Amino acid sequence: FSTCGPKHVVFKKFSRDKSVSTESLRDFVDHCDFVDPVDGVVVIDHEQIKGKRVHIMLSCSFRYGRADLDLVGMPADSYRRDLFLCTRQVYPPLQDRERSVHTKMQEKLLNKLGNDAYPFFFEFPDNLPCSVDLKPGPKDVTNHCAVEFEVKAFCSEGQDEKALKGSSVRLAIRKIQYAPEKKGPPPCGETTCEFAMSDKPLQVKVTLDKETYYHSEPINISVDITNSTNKDVNEISVAVEQITNVVLYSNDKYMKPVASEEAGDNVPAGTSFKKVYTLLPLLSNNREKRGIALDGKLKHEDTNLASTTIIKDEVLKEVLGMLVSYRVAVRLMVGG
Ligand SMILES: *[C@@H]1O[C@H](CO)[C@@H](O)[C@H](O)[C@H]1NC(C)=O
Ligand SMILES: CC(=O)N[C@H]1CO[C@H](CO)[C@@H](O)[C@@H]1O
């Protein structure tokens, strides 16, 4: 599964003391061979900032959170690991490091916001995962697991890079996976089952129409059964299952059906059968389920089921934190 693209919505947020605000997009796309840079602007109140410096920080962190530990006074960050952290000074602008070329997005914002706006720019390193948010499972209600990205602007004094009270503003952003459609043979699986008391087998073949699906796109699952046995197939169930493997801090594995159909189709002994089932996995049909991975989470905004993790060459799996994949499962009930 892959996302088809970002929502181009610029988001603006102020620090508590109103000295600093940031404007940036919220979604940045990982196109597999390159990743959109994080380009935005910081707007400062020159009166309040006089003599101080303003920094911007991009962070990617992996959270394996246990809410109950917060209650007994353990810092929440004991289960938080920064996978990436980069801080830059935006004000006063550092001439030598300032990019003289601005992105289209920055130009638009700079034109609109005038002299109080200062651009910032980050490139994601190659080895970072995309945003994922795993809702906790029913048995471990305290565990919440996520790969999160954040842009934080803050004001500091002197040589310190520490945020002055009230001066910081955090903006949650997402890095989302976009996988271009691949040409190639569609996925296909085949199996043969032998039964005692039946000298000929049951053959099942399952074919999809392609390998990459974009969120909200229906999946056609073609099922071919050749029943040479003396048993009847009484029921066929077809499901799309999401598999999430947490590989950092733990080795939890979740397997959840995200779309399924239990058809009353039957295949009597000695006949064959062919049917295309269409399933549409959507987050809206899975909201109540726990242990489902999402494409990151933004407050007050909708997201979708997690995209499939694409493991790039030479990237350690553990660094990705969580691996998400999907499979189609066809199950047959065979009676006597
Ligand atoms: C799935 O099947 C429907 C109905 O036959 C068809 O219109 C659609 O194009 C198919 N989808 C793909 C991706 O081939
Ligand atoms: C035993 C038997 O009749 N098997 C049949 C199962 O279905 C296939 C496809 O129609 C037939 O070719 C087999 O003869």
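If you're wondering where the values come from, they're calculated on a predicted model, not measured in any experiment. In listed order, ligands and their atoms are each counted from 1.
Using modelled atom types and a 3.5 Å distance limit, the side chains of Ser156 and His55 yield a donor-acceptor pair. Inspection of the Ser59 and Asp82 side chains reveals no N or O donor paired with an N or O acceptor under 3.5 Å. One side chain, Asp295 or Asn304, offers a donor N or O that lies under 3.5 Å from an acceptor on the other.
Ile311 is listed as a side-chain neighbour of Lys317, based on a closest heavy-atom distance under 4.5 Å.
For atom 14 (O) of ligand 1, the nearest protein heavy atom (residue, atom name, distance) is Asp209 OD2, 3.0 Å. Ranking protein heavy atoms by distance to atom 2 (O) of ligand 1, first place goes to Asn220 ND2, 2.3 Å.
When distances from atom 4 (C) of ligand 1 to the protein are checked, no heavy atom turns up under 4.0 Å. Within 4.0 Å of atom 9 (O) of ligand 1, not a single protein heavy atom is present.
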